[in-house]
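Encoded as structure tokens, the structure appears first; notes follow it.
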There are 2 protein chains.
Amino acid sequence: MINIAQTIAQLTSEQEKPSIKRISELTGYSHSSVSRVLNGLGDQYRISKKAQAAIVAKAQELHFTPNQIARGLRLKKTETLGLIVPNIANPFFAEIAKIITRKARSYGYSILLLDSEDTLEIENQSLRTLLARKTDGIILFPSTSNNELVEKIHSDGIPIVLVDRYYQSSAVPYVSSDNFQGAKEATRFLLQQGHQNLLCIQGNPDSSPNQERVRGFLQALQEAGITNNSARVIGNAFSEQNGYDSTRQAIQQRSITPFTALFTLSNLNAMGAWKALHEAGLSVPADVSLLTFDNQELLTLVSPAVTAVDQPKVAIGETALDMLMQQIQQIPLAQTQLQLPTQLIIRKSVQFIN
Amino acid sequence: MINIAQTIAQLTSEQEKPSIKRISELTGYSHSSVSRVLNGLGDQYRISKKAQAAIVAKAQELHFTPNQIARGLRLKKTETLGLIVPNIANPFFAEIAKIITRKARSYGYSILLLDSEDTLEIENQSLRTLLARKTDGIILFPSTSNNELVEKIHSDGIPIVLVDRYYQSSAVPYVSSDNFQGAKEATRFLLQQGHQNLLCIQGNPDSSPNQERVRGFLQALQEAGITNNSARVIGNAFSEQNGYDSTRQAIQQRSITPFTALFTLSNLNAMGAWKALHEAGLSVPADVSLLTFDNQELLTLVSPAVTAVDQPKVAIGETALDMLMQQIQQIPLAQTQLQLPTQLIIRKSVQFIN
DNA sequence: TTGTATGCGTTATCAC
DNA sequence: GTGATAACGCATACAA
């Protein structure tokens with residue numbers, strides 16, 4: 001009786017996971033042959049039609065899918081890419097993540113998503129995770145303006161590309177918006193509309209996009225003959241809170257430092273500024289004109305719709321992936337440091353004055 | 001000469017990747033001992049302090065990190081979770097993804113992110129990808145109202161939990177908002193404010209959240225003695241476009257089917273409706289009151305701020321992960337089908353009339 | 001206290 | 001045409 005029970009148990013457990021070994025047992029062919037056939041190498045190895053048919057049939061019957069873990073171990077490639085973003089809940093990052101995910105899928109690659117919370121500590125922990133998991137490449141939105149671990153990864157020859165932010169005087173490949181030109185163009189537009197007293201609400205001063213945007217802002221002012229404007233750059237974070245606080249403070253000191261236009265350096269900053277302006281009873285653009293870096297759907301919904309510098313998110317995401325895939329395929333990169341042009345989208349939040 | 005060159009090449013290539021084998025060679029201890037020490041089992045196996053010290057020192061020197069692929073193959077667990085969302089660029093999904101990613105990290109788990117584009121085909125492809133990659137569990141935001149593959153995965157004992165949407169009369173565990181109660185409460189509020197002629201702009205009629213919301217809407221009307229209102233549910237997708245189109249159409253037919261309040265069933269629908277209302281020169285709430293399911297930051301920025309049904313995103317994300325981890329750890333779930341309470345957030349977009 | 005041998009599922013090298 | 005056999009890097013049962 002015990003034997004029978006055991007036999008039944010065995011038969012039942014014989015419902016093992018489909019594997020090459022199992023197909024080999026069931027068809028009578030060696031696992032080498034099975035592997036070859038299933039990888040489409042049957043003809044190349046001149047395996048008989050009969051054997052091929054039997055193997056394929058059994059594989060389909062068992063719904064066989066190769067174990068990617070085993071495959072990854074053997075092949076030393078996982079067909080997985082690591083993506084580290086500072087905050088996936090921020091639409092800017094989410095939209096680019098979408099582009100990247102979609103394109104990666106078209107390459108047959110999957111995405112391991114890590115959220116660094118805009119923190120060096122978690123960023124590095126995430127990088128180590130990706131290293132241990134042997135992802136074939138890494139796409140990183142850096143949270144700081146330099147990172148030794150990233151430099152090491154790059155010099156170790158592991159494919160990596162930086163997006164949005166980058167490191168000064170570093171050879172690590174990156175793709176970002178042309179923040180300098182974008183900010184300069186936006187500032188010029190403000191000046192053309194007759195605004196002389198501008199106020200710039202910046203984000204994280206330690207980040208390259210912010211630095212470049214501020215540089216564009218100041219350069220446009222300088223070219224217009226307006227000098228000594230560095231005091232007109234306030235704020236310190238890419239957050240709604242900072243946009244709100246900085247704007248409130250600016251409004252209070254308006255008698256000392258007057259302004260007719262606000263240039264916010266990110267979408268979150270713009271949202272905060274917008275709130276503060278409305279709370280103070282100031283009307284856009286009648287009282288204060290508003291222009292922001294980083295175009296977003298919601299800017300078209302508020303009234304008046306907000307004039308914005310649009311970043312080429314699709315191009316950024318696709319280029320990042322292309323650059324990464326080229327590294328993975330050992331194709332030398334034509335350009336390793338790319339700054340893509342932005343576009344000024346004129347809406348209703350900037351008024352002409354004189 | 002050739003020999004020398006070869007020797008040098010060997011020496012150089014001797015810079016192999018750090019591995020247990022390598023540490024074993026360098027320290028003179030067997031790889032079993034190395035593995036044990038590195039997994040913190042040194043004392044348990046009574047490995048000498050001296051050996052432990054030597055092994056740990058060498059591991060640190062080489063910056064050894066265990067290869068998670070090999071580990072996964074051996075241990076049959078990857079410490080990776082699959083997350084399939086319909087659209088990572090939609091803030092609702094992105095915010096929950098953030099919660100999930102963060103909490104997963106605290107468990108030591110990583111997230112493989114797939115975007116199904118709200119399509120059954122890509123959803124199934126994504127599921128197969130996760131199966132092949134042997135993720136320890138799957139969190140799925142379904143794109144349809146049933147899916148045989150999901151049922152099979154669940155009956156195969158693979159940990160899975162559905163989020164936001166779920167399947168009728170299915171045993172697959174899920175967590176979502178209490179869409180019925182939320183919609184009912186919102187509708188009641190509209191009625192209390194004196195509105196009798198309501199119009200509901202729905203999302204995907206094939207999805208469970210939409211069905212439940214519509215049910216709540218109709219039930220509240222019925223309880224108020226208002227009948228024959230099914231004609232007052234229009235639209236067919238959770239998109240801005242559908243919100244826009246449906247609203248425009250409703251405005252045109254306003255003389256036939258008058259309405260004083262609009263109840264949109266998602267944030268994107270609300271955005272579209274908002275646009276259409278403004279384009280038509282209708283003022284909120286003076287001409288038309290607006291209330292939407294799905295609270296979002298941007299609803300506080302527009303003027304007037306929009307009254308909304310807030311879904312407990314944090315609780316949804318965390319509960320989903322808890323339920324998944326319990327399955328992974330073979331802990332029986334106390335409840336497999338959870339509907340979490342929503343909260344009506346009253347702002348300025350609904351006017352009292354009589 | 002430590003080492004040997006085996007296997008996870010796959011692909012690749014070689015032999016016949 | 002096909003099949004042993006080894007190897008990827010790790011963990012572990014079994015020895016000693």
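From a predicted model like this one, the values you see are computed outputs, not experimental measurements. Throughout, a chain's letter reflects where its sequence line sits, starting with A, and its residues are numbered from 1.
Ring geometry for B:Phe141 versus B:Phe93: interplanar angle over 60°, hence perpendicular rather than tilted (30 to 60°).
Taking 4.0 Å as the cut-off between side-chain N and carboxylate O, B:Lys98 and A:Asp115 count as a salt-bridged pair. Between A:Asp322 and A:Lys103, at least one side-chain nitrogen of the basic residue sits less than 4.0 Å from a carboxylate oxygen of the acidic one, meeting the salt-bridge criterion. B:Asp118 and B:Arg165 are joined by a salt bridge, as a carboxylate oxygen and a charged side-chain nitrogen come within less than 4.0 angstrom of each other.
At least one donor-acceptor pair under 3.5 Å links the side chain of A:Thr78 to the backbone N or O of A:Lys134. Side-chain N or O atoms of A:Ser24 include none that pairs as donor or acceptor with a backbone N or O of A:Ile20 at under 3.5 Å.
One can place CD1 of A:Ile69 at 13 Å from C1' of D:dC10, the figure rounded to the nearest angstrom. Look at NZ on B:Lys17: it is 16 Å from C1' on D:dC10, rounded to the nearest Å. For A:Gln44 and D:dT2, the CD to C1' distance is 15 Å, given to the nearest whole Å. Following rounding to the nearest Å, B:Lys77 (NZ) and D:dG9 (C1') show an atom-to-atom distance of 17 Å. Distance B:Tyr45 OH to D:dC14 P: 11 Å, rounded to the nearest Å. The NZ-P distance, from A:Lys21 to D:dT5, rounds to 15 Å in whole Å. When the P atom of C:dT4 is taken as reference, atom CD1 of B:Ile20 falls 15 Å away, rounded to whole Å. What separates NZ of B:Lys134 from P of C:dG9 is a distance of 8 Å, to the nearest Å.
Under 3.5 Å, the side chains of A:Asp43 and A:Gln52 contain a donor-acceptor pair of N or O atoms. Counting only N and O atoms by type, the side chains of B:Asn124 and B:Asn147 include a donor and acceptor under 3.5 Å apart. The closest side-chain donor-acceptor pair between A:Arg133 and B:Ser110 falls under 3.5 angstrom.
The residue among B:Lys76 and B:Ile47 whose nearest nucleotide of DNA chain C lies closer to the 5′ end is B:Ile47. Of the residues near DNA chain D, B:Phe64 and A:Ser30, the one whose nearest nucleotide (by heavy atom distance) lies more toward the 5' end is A:Ser30.
The residue B:Arg71 sits close only to the backbone: its heavy atoms come under 4.0 Å of sugar-phosphate atoms, none of a base. Within 4.0 Å of B:Leu75, counting heavy atoms only, lie sugar-phosphate atoms of the nucleic acid but no base atom. Nucleic acid contact for B:Leu73: base, since at least one base atom lies under 4.0 Å from a heavy atom of the residue. Using a 4.0 Å heavy-atom distance criterion, A:Gly42 is classed as making no nucleic acid contact. Here B:Tyr29 lies in heavy-atom contact (under 4.0 Å) with sugar-phosphate atoms only.
Ranking C:dT10, C:dT1, D:dA4 by closeness to the A:Arg74 side chain, first place goes to C:dT10. Closest to the side chain of B:Pro66, from the set C:dT2, D:dC10, C:dT10, is D:dC10.
Environment of CD in A:Glu121: sparse, with no more than 12 heavy atoms of neighbouring residues, nucleotides or ligands closer than 6.0 Å.
When the local axes at the two ends of the helix from C:dT1-D:dA16 to C:dC16-D:dG1 are compared, using 5 base pairs at each end, they differ in direction by 50° after rounding to 10°.
The stretch residues 32-41 of chain A touches DNA chain C through A:Ser32, A:Ser35, A:Arg36, A:Asn39, each having a heavy atom under 4.0 angstrom from the strand.
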